[in-house]
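To start, the structure itself, in structure tokens.
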Amino acid sequence: MAITLLHGWQSWSARHSDLDNARIASGNMAKALSQHANDAFQAIDGLLLNVTDRVSALGMGSPLVMEMAPLLHRLSEEMPELDGLLICDELGYWVVNSSGESHLDGNNSDRPYFIYHRDHDERTPLIGAVLRSRSTNRWVIPISRRINHRDGSFAGVALATIDLAYFTRFYSTFDVGTKGSIGLLLRNGTLLTRQPFDDKLINRDFSDSPLFRQLLPAAPNGSVANNSRIDGVRRLFSYQAIKKYPVVVTVALSEDDVLADWYQETLVYSMGVLILLLMIATFGWRLIGQIELRLQAELKALKAKDELQELNRTLEMLAHRDGLTGLANRRHFDDMLEKEYRRACRGGGPLSLVLIDVDFFKQYNDIYGHQAGDECLRQIGKVLKGMERRPADLAVRYGGEEMLLLLPDTDEAGAAQMAETIRAGIQALGIVHSANPAGVVTVSAGVNSILPGRQHIPPIDELVGQADAALYEAKRGGRNQVRQARQMPDTA
Ligand SMILES: Nc1nc2c(ncn2[C@@H]2O[C@H](COP(=O)(O)OP(=O)(O)OP(=O)(O)O)[C@@H](O)[C@H]2O)c(=O)[nH]1
């Protein structure tokens, strides 16, 4: 986006700058060509003034006027732009001309400039529309002055004609592009000549064009872009009016010509930018694809990691659990016992344990079958599990039909109470056992508690060992009962 905007801005400024330069160039050209036209008209007009002064001094009827023919001829020879010089009397008859031939029957009284001078007593030169010369048959621009008799009355006209080719040849030496143009016009809007030359356009009236309607009344020179009335081509148009004579020079450069290089450069740069954008898009596309693939791979890896962690948790749980009862197994108990033992040794309070053993379980298996025995162990396990009342309490299948409850931060009295609750709870299950004097399945329990102090830290084995001894006492005492290690005869 930024590259496209930058390229657009650069192209726009380059176009703007090319048009500005062309405007300056066409303005300068119009100025130079107007100076050229001014010089040409001024030279001819100076000559004309000289001639009119002489004729006025001699008097139009004087034979000396006729003798001016060689002078006029020499003057016209010296000035390449001059087509001819002619003096007419007050009736328009040719008196003398630069060609040296006498045309006594020649009469120009019908020419607009003659009529104008006859009717206007003005001492200024008149530049007229293009004519076909009657003597040379060439296209000419007439420039004329009125000649007066000494009394101020109209005596005739001095006429100089400028060969139109003088301008068209000169203008053709300028390169204004394939669709450019140079124009020489009268201030009244009459086109005198144009480069490229087209004789159909000679004397065409442009007085209602924007140049004559708006631009010239506002300023003697300027530049504007517009569409040509002649061929519809859009051009940068500069004009310059000549101060001394009613003539305007125009230079128009076609926008297409001016911008030809710009079009080509912009095309090449645009192609370059397009290729660059395509490359960036391709790389970007691939990068996005790779990022997506990588994200997918990372997601898969995360999922696999989660699944693995879940599996590990399950495995760990399975490794810590007894398959039949769902209680912690012996291995897990060993770990937890060690941990709780060390905590208790650090001053963490008493550590107690209730060890239970199913009474007459061998007979139960024998009578009801091994599967029923398993189910019985599961029921007993549930009762034990239900006694895990604190987070650190741990119900364990210790081995065979032996289970235990590890009770950190619990003293022996509390543990004995819990043992009694367990015993009563199992009996209350009411699992029929015909070989048990109680008629139902019962358990015997041994309770032990240690409280490591500064003076004495009992060995870890003592906790289970003495609970086992208490359990043995409970069995010996008739089963279905709880015994505490402290109450045993040898520890009392
Ligand atoms: N069904 C079943 N029986 C088991 C399991 N583990 C141990 N036993 C049985 O439990 C019985 C234990 O019997 P003994 O150690 O003789 O004790 P008892 O019959 O309960 O007698 P007292 O403990 O003295 O009351 C054995 O027959 C074992 O086969 C078990 O996971 N499932």
Side-chain angles (χ1 to χ4, degrees), residues 314-337 352-388 393-407 415-416 418-448 461-491:
T314 310
L315 285 174
E316 200 175 294
M317 198 191 78
L318 288 175
H320 291 167
R321 298 278 141 200
D322 166 58
L324 180 71
T325 59
L327 300 183
N329 62 16
R330 174 77 180 263
R331 212 177 108 213
H332 187 50
F333 166 70
D334 287 344
D335 292 345
M336 295 311 289
L337 174 65
S352 299
L353 188 136
V354 177
L355 183 64
I356 62 168
D357 185 284
V358 186
D359 299 328
F360 309 111
F361 197 55
K362 185 176 178 314
Q363 287 93 320
Y364 188 87
N365 270 333
D366 292 345
I367 299 166
Y368 302 103
H370 202 81
Q371 272 188 346
D374 284 355
E375 182 50 34
C376 177
L377 289 178
R378 264 195 286 270
Q379 298 283 327
I380 291 168
K382 265 187 202 160
V383 174
L384 210 62
K385 186 78 185 163
M387 296 305 291
E388 280 180 343
D393 292 353
L394 186 70
V396 182
R397 184 172 181 206
Y398 193 58
E401 87 293 10
E402 260 185 343
M403 299 180 202
L404 63 79
L405 187 64
L406 182 66
L407 299 163
M418 290 186 79
E420 179 52 32
T421 309
I422 292 165
R423 187 206 62 76
I426 290 166
Q427 187 170 7
L429 286 174
I431 303 167
V432 177
H433 186 356
S434 57
N436 190 325
V440 292
V441 171
T442 59
V443 295
S444 301
V447 178
N448 186 28
D461 298 343
E462 202 173 275
L463 184 65
V464 182
Q466 290 194 4
D468 198 34
L471 173 64
Y472 178 74
E473 281 303 314
K475 290 276 182 190
R476 221 158 55 101
R479 297 183 173 82
N480 191 20
Q481 57 190 270
V482 176
R483 282 295 171 92
Q484 292 170 239
R486 280 178 194 280
Q487 292 168 346
M488 289 190 322
D490 48 340
T491 55

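First listed ligand is number 1; within each ligand, the first listed atom is number 1.
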From Leu463 CG over to Leu355 CG, what is the distance, rounded to the nearest 0.5 angstrom? 10.0 Å
Gap between atom CD of Glu473 and atom OG of Ser444 - 0.5 Å precision: 11.5 Å
The residue among Leu404, Leu405, Leu384, Leu377 that forms side chain to side chain contact (heavy atoms under 4.5 Å, CB included) with Leu327 is Leu384
Results of side chain to side chain donor-acceptor pair (under 3.5 Å) for Thr325 - residues two or more places apart only: Asp322
How are the rings of Tyr364 and Phe361 set relative to one another: parallel (under 30°), tilted (30 to 60°) or perpendicular (over 60°)? parallel
Ligand 1: which residues have a non-hydrogen atom closer than 4.0 Å? Asp357, Val358, Asp359, Phe360, Phe361, Lys362, Gln363, Asn365, His370, Gly373, Asp374, Leu377, Arg397, Gly400, Glu401, Lys475, Arg479
Evaluate the salt bridge (Lys or Arg N to Asp or Glu O under 4.0 Å) criterion for residues Asp366 and Lys362: first the C-alpha distance (whole Å), next the side-chain angles of each, then the deciding distance (0.1 Å), finally the verdict. CA-CA 6 Å; Asp366 292 345; Lys362 185 176 178 314; 3.5 Å; yes
